[in-house]
Amino acid sequence: MTTQPVLLVIAHGSRDPRHAATVHALVRRVRALRPDLRVETGFLDFNVPSVRGVLESLAAEGVRDVVALPLLLTRAFHAKADIPAVLREAPARLRIRQAEVLGPSPLLLAALERRLYEAGLTPADKSSTGVVLASAGSTDPEAIAVIADIAREWRHTGWCAVRPAFASAVFPGGVPRTEDAVRELRALGCARVAVAPYVLAPGRLPDRIARGAAGADVLADVLGAAPEVARLLLHRYDAARRPVLTALGA
């Protein structure tokens, strides 16, 4: 019987203890969905275990196959540079496949709506509610375009309006801050304004989103360990573990 690859979830890490706690809660939910799958967690910075340490431990145990899954919503710098660099330094005996980042995905839109409903909205509120899709922010053009595309797609599901916003101090491509997007939706005439953080775990930038949402009617929680996010991790794992020849079109 072929042993399935170990799933290594790679999180960024944070000095904020809520970040690691949320990551571990999400991983526990993934394990509960698929008890026969070994799931490990590694952090790029600030928290332990480190990605490098987990990979070395797996190699020492005799593990051969690993799927490395970036716990990221867009393909920005960490997915394109940081994570591949760490994986290149892994023990040579390991065969590592890097899975795609989580976003975009309909499952993430479902998780965003779950958080908004948990914060007090109902499906009947959609047509009169403007939503700020508030992400951490990026200078990567691909990541900026993806956030804008998600906002447009989400608008078509029935919301009064959806505006992307960034929490970071750099606002390339004309993407506003959270508080500016809230004011824009007020001026547009939406009966209520909700802020939906497009982030996975608490930390400095999500806290900045929350401060920017002071003028909104509703502030949703981060995506965290939403069941849709856990299912998405497994979808990305399954796609990455498919035979290479299939991926090449053979």
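Residue numbers run from 1 in the order of the sequence given. These numbers come from the heavy atoms of this one structure, side chains and all, not from hydrogens, waters or symmetry mates.
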Step-by-step side-chain contact (heavy atoms from CB on, under 4.5 Å) determination, Ile150 to Leu108: CA-CA 10 Å; Ile150 292 170; Leu108 290 176; over 6 Å; no
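- Nearest heavy atoms, Ala201 versus His19: CB-ND1, 3.6 Å.
- One hydrophobic cluster holds both Val30 and Leu73 under the rule that ILVMFWY side chains link at heavy-atom gaps under 4.5 Å.
- Distance alone, capped at 3.5 Å, is enough to place a donor-acceptor pair between the Arg115 side chain and the Leu223 backbone.
- Scanning all heavy atoms of the two residues, the minimum distance from Leu94 to Ala90 falls at CD1-CB, 4.4 Å.
- Of the possible donor and acceptor atoms, none in the side chain of Asp238 sits under 3.5 Å from a partner among the backbone N and O of His235.
- Sparse packing is recorded around CZ of Arg15, with 12 or fewer heavy atoms of other residues, nucleotides or ligands lying under 6.0 Å away.
- Once rounded to the nearest 0.5 Å, the distance linking CZ of Arg155 with CG of Leu133 reads 14.0 Å.
- Using a distance-only test at 3.5 Å, with no hydrogens or angles considered, a donor-acceptor pair links the side chain of Arg208 to the main chain of Ala167.
- Arg114 and Asp221 are not joined by a salt bridge, as no carboxylate oxygen comes within less than 4.0 angstrom of a charged side-chain nitrogen.
- At least one donor-acceptor pair closer than 3.5 Å links the side chain of Tyr237 to the backbone N or O of Pro5.
- The shortest distance between side-chain heavy atoms of Gln98 and Pro84 falls below 4.5 Å.
- Listed for the Arg31 side chain is a donor-acceptor partner under 3.5 Å among the backbone atoms of Val39.
- Under 4.0 Å is where a charged nitrogen must lie from a carboxylate oxygen, and between Asp180 and Arg183 at least one such pair does.
- For Glu228 and Arg231, the salt-bridge test fails: no basic side-chain N is under 4.0 Å from an acidic carboxylate O.
- The shortest heavy-atom contact between Phe43 and Gly13 is CD2-CA, 3.7 Å.
- Criterion: ILVMFWY side-chain heavy atoms under 4.5 Å apart, direct or through other members. Under it, Val67 and Val51 are not part of a common hydrophobic cluster.
- Annotation for Ala161 and Cys190: closest pair CB-SG, 4.3 Å, computed over non-hydrogen atoms.
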Intermediate values then yes/no, side-chain contact (heavy atoms from CB on, under 4.5 Å), Leu8 and Val54: CA-CA 8 Å; Leu8 171 59; Val54 174; 3.7 Å; yes
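- Of the possible polar contacts, one joining the Asp217 side chain to the Val193 backbone as a donor-acceptor pair under 3.5 Å is found.
- No side-chain heavy atom of Thr74 sits less than 4.5 Å from a side-chain heavy atom of Val101.
- A heavy-atom distance below 4.5 Å is not found between the side chains of Leu7 and Arg241.
- Ring geometry for Trp154 against Trp159 counts as perpendicular: the plane angle is over 60°, on a 0 to 90° scale with 30° as the lower cut.
- Arg75 places no side-chain N or O within donor-acceptor distance of the main-chain N or O of Ala143, the cut-off being under 3.5 Å.
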Pair Arg163-Leu188, side-chain contact (heavy atoms from CB on, under 4.5 Å): steps then yes or no: CA-CA 11 Å; Arg163 295 289 186 271; Leu188 192 63; 3.6 Å; yes
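- Contact annotation: the side chain of Thr178 never approaches that of Arg211 to less than 4.5 Å [non-hydrogen atoms, C-beta and beyond].
- If you chain together hydrophobic residues whose side chains sit under 4.5 Å apart, Leu205 and Val199 never meet in one group.
- Looking at heavy atoms from C-beta onward, Val229 lies out of side-chain contact with Arg29 at the 4.5 angstrom threshold.
- Taking 4.5 Å as the limit, every side-chain heavy atom of Pro197 sits out of range of all side-chain heavy atoms of Pro206.
- Of all heavy-atom pairs between Pro70 and Ala99, the closest is CD-O, 3.3 Å.
- By the criterion of side-chain heavy atoms lying less than 4.5 angstrom apart, applied directly or through intervening Ile, Leu, Val, Met, Phe, Trp or Tyr residues, Ile147 is not grouped with Leu72; the two fall into different hydrophobic clusters.
- Side-chain contact between Val23 and Asn47 is absent, with no heavy atoms from C-beta onward closer than 4.5 Å.
- Between Ile209 and Ser135 the shortest heavy-atom distance is CD1-O, 4.0 Å.
- Note: the hydrophobic cluster containing Leu234 also contains Leu102 (ILVMFWY, side chain heavy atoms under 4.5 Å, direct or indirect links).
- When side chains are defined from C-beta on, Leu87 counts as touching Leu55, because their heavy atoms get closer than 4.5 Å.
- Residue Leu71 holds its CG atom at 11.5 Å from NE2 of His12, rounded to the nearest 0.5 Å.
- Taken from CG in Asp36 to OG1 in Thr3, the straight-line distance is 11.0 Å, to the nearest 0.5 Å.
- Qualifying side chain to side chain donor-acceptor pair (under 3.5 Å) partners for Glu40, counting only residues two or more places apart in sequence or in other chains: Arg38.
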Check against side-chain contact (heavy atoms from CB on, under 4.5 Å), Val9 and Leu26: CA-CA 10 Å; Val9 176; Leu26 175 58; 6.0 Å; no
